[in-house]
Visitor: 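Below: one structure in structure tokens.
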Amino acid sequence: MTGKSTLRRAGIALLAALSVSLTGVIGNTANAAGDPGPPLETPPSQLDAALHCDDGIDHATTNPVLFVPGTTAEGGENFAWNYVTALRERGVPACWVNYPYRGWRDMQISSEYIVHAIRTMHERSGRRVSTIGHSQGGLHPAWAARFWPDIAGMLDDAISLGTPFQGSLVATGYCQVLNAFPTGCQESFWQFTWHSNWSKALNRAPMPSGPSFTSIYTATDEFAAPGEDASALAGAAHLGLHDVCPGRVGEHLALVVDAVAFALATDALTHDGPADVNRIDKSVCGQAFMPLDWPGFAQALPDLLSLPIKAWLQSPPWTWVRAEPPLRDYARA
């Protein structure tokens, strides 16, 4: 009897422990699924005004794509004459978002625009949303998925072009030089510095499961430098132009028109999971540019050439700072 009683008590204790453990797991999963993350501090009217979508978003038959621009550009300036046109011709509904101050201010504010955009597109389309971001534009979907638990379930592919997930040594040198003057450096440029607090917070834990991340880079990137190291993101397919076409080099701004980068991006959009170099037709190595709307490019060219001036006027030197903006509470945990 004593042995049977002991076994019985041990079995009950084991079942109780398993029950508590499973309850904790289920509870944590439910909390993660129901937790919308930190509240957005930007007024909804401003968030709505920054999002521009095709009419087809409301009757989407395929996952829509959100285009997130690089620093100093608005979404249409960065993508309307290249990726948006090319994907529209393939029946993919597109949206783009504009940052406040053209991305020169605190990126923690800019990320709220991407959180709102993904939620809005998901609600309107009834489908998961993919994103394509250039430079700074690749950071925000990853930041949103990292800190807003509901975003991971709404996000399909997050594709980045020349994005400094680890920061940039060029940005570090730039801000060190500017910090010798009373003005200091632009807020977001501090956040681009090598292993900044922003980058450490983003990379502190793996990206959540669900979305597929594809980081496309060129080894000769002059801004997100060094290209291979700066663009690394744990859990992402990390693909250089030279992985498809040995010896191929590119530059930071030209990634948004590069034929190989476009092939990788569209491969990710049209397959489960991230892009795979083994699926890319090597004939792309003989092409310089992706399909472009050349008249649209000609029309956009004056705006593209004036981007630094526009950004300077919106964020003049007296708005610059001498240190990286502090992390918000949600990013310190």
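Only this structure's heavy atoms are used, side chains among them; waters, hydrogens and symmetry mates stay out.
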Visitor: When rounded to the nearest 0.5 angstrom, what is the spacing between CZ in Arg146 and CG in Leu139?
Guide: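 One finds 14.0 Å between CZ of Arg146 and CG of Leu139.
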
Visitor: Is it the case that atom CD1 in Ile309 sees more than 12 heavy atoms from other parts of the structure closer than 6.0 Å?
Guide: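 Not more than 12 within 6.0 Å, no.
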
Visitor: Please confirm whether the backbone N or O of Glu324 pairs with a side-chain atom of Glu187, one donor and one acceptor, at under 3.5 Å?
Guide: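 No; judged by distance alone, with no hydrogens or angles, the pair does not exist.
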
Visitor: Would you check, one step at a time, whether the test ring-ring contact (aromatic ring centres under 6.0 Å, His included) holds for Tyr99 with His140?
Guide: CA-CA 11 Å; Tyr99 304 130; His140 296 294; 5.1 Å; yes

Visitor: Taking Ser111 for its side chain and Met107 for its backbone only, find out whether a donor-acceptor pair lies under 3.5 Å.
Guide: yes

Visitor: Using modelled atom types and a 3.5 Å cut-off, is there a donor and acceptor pairing between side-chain atoms of Asp54 and backbone atoms of Gly56?
Guide: no

Visitor: Does Ile159 offer a backbone N or O that forms a donor-acceptor pair with the side chain of Asp157 under 3.5 Å?
Guide: no

Visitor: Between atom OG of Ser125 and atom CD1 of Ile57, what is the distance when rounded to the nearest 0.5 Å?
Guide: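 CD1 of Ile57 is found 4.5 Å from OG of Ser125.
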
Visitor: With side chain to side chain contact (heavy atoms under 4.5 Å, CB included) as the test, would you mind laying out the steps for Gln108 and Leu327 before giving the verdict?
Guide: CA-CA 8 Å; Gln108 294 170 107; Leu327 288 174; 4.0 Å; yes

Visitor: With side-chain contact (heavy atoms from CB on, under 4.5 Å) as the test, pick out the partner of Arg248 among Asp258, Thr220, Thr218.
Guide: Asp258

Visitor: Testing the basics here: between His116 and Leu47, what is the closest heavy-atom pair and its distance to 0.1 Å?
Guide: CD2-CB, 3.4 Å

Visitor: Within a reach of under 6.0 Å around CD of Glu251, are more than 12 heavy atoms found that belong to other residues, nucleotides or ligands?
Guide: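 Correct, the count exceeds 12.
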
Visitor: Ignoring hydrogens, what is the shortest heavy-atom contact between Pro274 and Asp267? Give both atom names and the distance.
Guide: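 That closest heavy-atom pairing would be O-OD2, 4.4 Å.
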
Visitor: Run the salt-bridge test on Asp156 and Arg127 with the 4.0 Å N-O cut-off and return the result as yes or no.
Guide: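 Judged by the 4.0 Å cut-off on N to carboxylate O distance, Asp156 and Arg127 do not form a salt bridge.
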
Visitor: Hey, could you give me the CD1/CH2 distance between Ile118 and Trp148, rounded to the nearest 0.5 Å?
Guide: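 One gets 10.5 Å once the value is rounded to the nearest 0.5 Å.
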
Visitor: Side chains of Gln136 and Thr163: closer than 4.5 Å at any heavy-atom pair?
Guide: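 In short, these two side chains do not touch, never coming nearer than 4.5 Å.
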
Visitor: Is it possible for you to say whether Val170 and Phe192 belong to one hydrophobic cluster, with membership spreading through side-chain heavy-atom contacts below 4.5 Å?
Guide: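 In one cluster: no.
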
Visitor: Identify the two heavy atoms, one from Leu178 and one from Gly184, that lie closest to each other, and give their separation to 0.1 Å.
Guide: CB-O, 3.4 Å

Visitor: In plain terms, say whether Glu123 and Arg128 are close enough for a salt bridge, that is, a side-chain N and a carboxylate O under 4.0 Å apart.
Guide: no

Visitor: Could you tell me whether the side chain of Leu66 reaches within less than 4.5 Å of the side chain of Trp96, counting heavy atoms only?
Guide: no

Visitor: Where do Thr193 and Ala171 come nearest, in terms of heavy atoms and distance?
Guide: CG2-O, 3.7 Å

Visitor: Which pair of non-hydrogen atoms, one from Thr62 and one from Gly91, has the smallest distance, and what is that distance?
Guide: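 The answer is CG2-O, 3.6 Å.
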
Visitor: Decide whether Phe67 and Leu304 are clustered together by the hydrophobic rule: side chain heavy atoms of Ile, Leu, Val, Met, Phe, Trp, Tyr closer than 4.5 Å, transitively.
Guide: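 Same cluster.
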
Visitor: When you compare the side chain of Lys310 with that of Glu77, does any pair of heavy atoms fall below 4.5 Å?
Guide: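 They are in contact (side-chain heavy atoms under 4.5 Å apart), so the answer is yes.
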
Visitor: The test is side chain to side chain contact (heavy atoms under 4.5 Å, CB included); show your working for Phe79 and Val65 and say whether it passes.
Guide: CA-CA 11 Å; Phe79 289 109; Val65 176; over 6 Å; no

Visitor: Centroid separation under 6.0 Å, is that true for the rings of Trp81 and Trp294?
Guide: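 Distance test on ring centres: not under 6.0 Å, no.
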
Visitor: Could you please spell out the steps behind the side chain to side chain donor-acceptor pair (under 3.5 Å) verdict for Asp229 and Gln166?
Guide: CA-CA 7 Å; Asp229 294 337; Gln166 304 299 326; over 6 Å; no

Visitor: Please check: side-chain N/O of Thr120 versus main-chain N/O of Ala117, any donor-acceptor pairing under 3.5 Å?
Guide: no

Visitor: Rounded to the nearest 0.5 Å, what separation is found between the CG atom of Leu40 and the OH atom of Tyr113?
Guide: 10.5 Å

Visitor: When you look at Thr214 and Leu264, which way does the side chain to side chain contact (heavy atoms under 4.5 Å, CB included) test go after all the steps?
Guide: CA-CA 9 Å; Thr214 299; Leu264 289 168; 5.5 Å; no

Visitor: Quick one, Val284 and Met290 - any side-chain contact, counting heavy atoms below 4.5 Å?
Guide: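 No, every pair of side-chain atoms sits at 4.5 Å or beyond.
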
Visitor: Heavy-atom distance under 4.5 Å between the side chains of Val97 and Pro69, does that happen here?
Guide: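 They are in contact (side-chain heavy atoms under 4.5 Å apart), so the answer is yes.
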
Visitor: Do Ser188 side-chain atoms and Gly103 backbone N/O form a donor-acceptor pair below 3.5 Å?
Guide: yes

Visitor: Mind checking whether Trp320 and Cys185 have side chains closer than 4.5 Å, heavy atoms only?
Guide: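 No, side chains not in contact.
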
Visitor: Is the shortest heavy-atom distance from the side chain of Asn63 to the side chain of Val129 under 4.5 Å?
Guide: no

Visitor: Please confirm whether the backbone N or O of Asp303 pairs with a side-chain atom of Ser306, one donor and one acceptor, at under 3.5 Å?
Guide: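 Answer holds: yes.
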
Visitor: State, without any angle test, whether Gln191 and Ser196 hold a side-chain donor-acceptor pair at a distance under 3.5 Å.
Guide: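 Gln191 vs Ser196: no donor-acceptor pair found between side chains.
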
Visitor: Check Tyr174, Trp312, Trp104 against Gln186 for a side chain to side chain donor-acceptor pair (under 3.5 Å) and give me the one that passes.
Guide: Tyr174

Visitor: Applying side chain to side chain contact (heavy atoms under 4.5 Å, CB included) to His252 and His134, what does each step give before you reach the verdict?
Guide: CA-CA 9 Å; His252 185 74; His134 177 228; 3.9 Å; yes

Visitor: State the CG-SG distance between Asp58 and Cys53, to the nearest 0.5 angstrom.
Guide: 8.0 Å

Visitor: Out of curiosity, Glu112 CD to Glu41 CD, how far, rounded to the nearest 0.5 Å?
Guide: 5.5 Å

Visitor: Distance to the ring centre below 6.0 angstrom and angle to the axis at most 45 degrees; does that hold for Arg105 and Tyr101?
Guide: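 Yes, Arg105 and Tyr101 form such a contact.
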
Visitor: Quick one: which of Tyr217, Phe213, Phe165 gives a ring pair (Phe, Tyr, Trp, His ring centres under 6.0 Å) with His238?
Guide: Tyr217

Visitor: May I ask you to test the Cys95-Leu51 pair for a side-chain heavy-atom distance under 4.5 Å?
Guide: yes

Visitor: With a sphere of 6.0 Å drawn around CZ of Phe181, does it hold more than 12 non-hydrogen atoms of other residues, nucleotides or ligands?
Guide: no

Visitor: For the pair Asp243 (side chain) and Gly240 (backbone), establish whether a donor and an acceptor sit closer than 3.5 Å, ignoring hydrogens and angles.
Guide: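 Between the backbone of Gly240 and the side chain of Asp243 there is a qualifying donor-acceptor contact (under 3.5 Å).
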
Visitor: If only atom types and distance count, is the side chain of Arg322 paired as donor or acceptor with the main-chain N or O of Asn179 below 3.5 Å?
Guide: yes

Visitor: Is there a donor-acceptor contact under 3.5 Å from the side chain of Ser135 to the main chain of Gly70?
Guide: no

Visitor: For residues Val244 and Lys282, report the shortest heavy-atom separation together with the two atoms involved.
Guide: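 What the structure gives for the nearest pair is O-NZ, 3.0 Å.
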
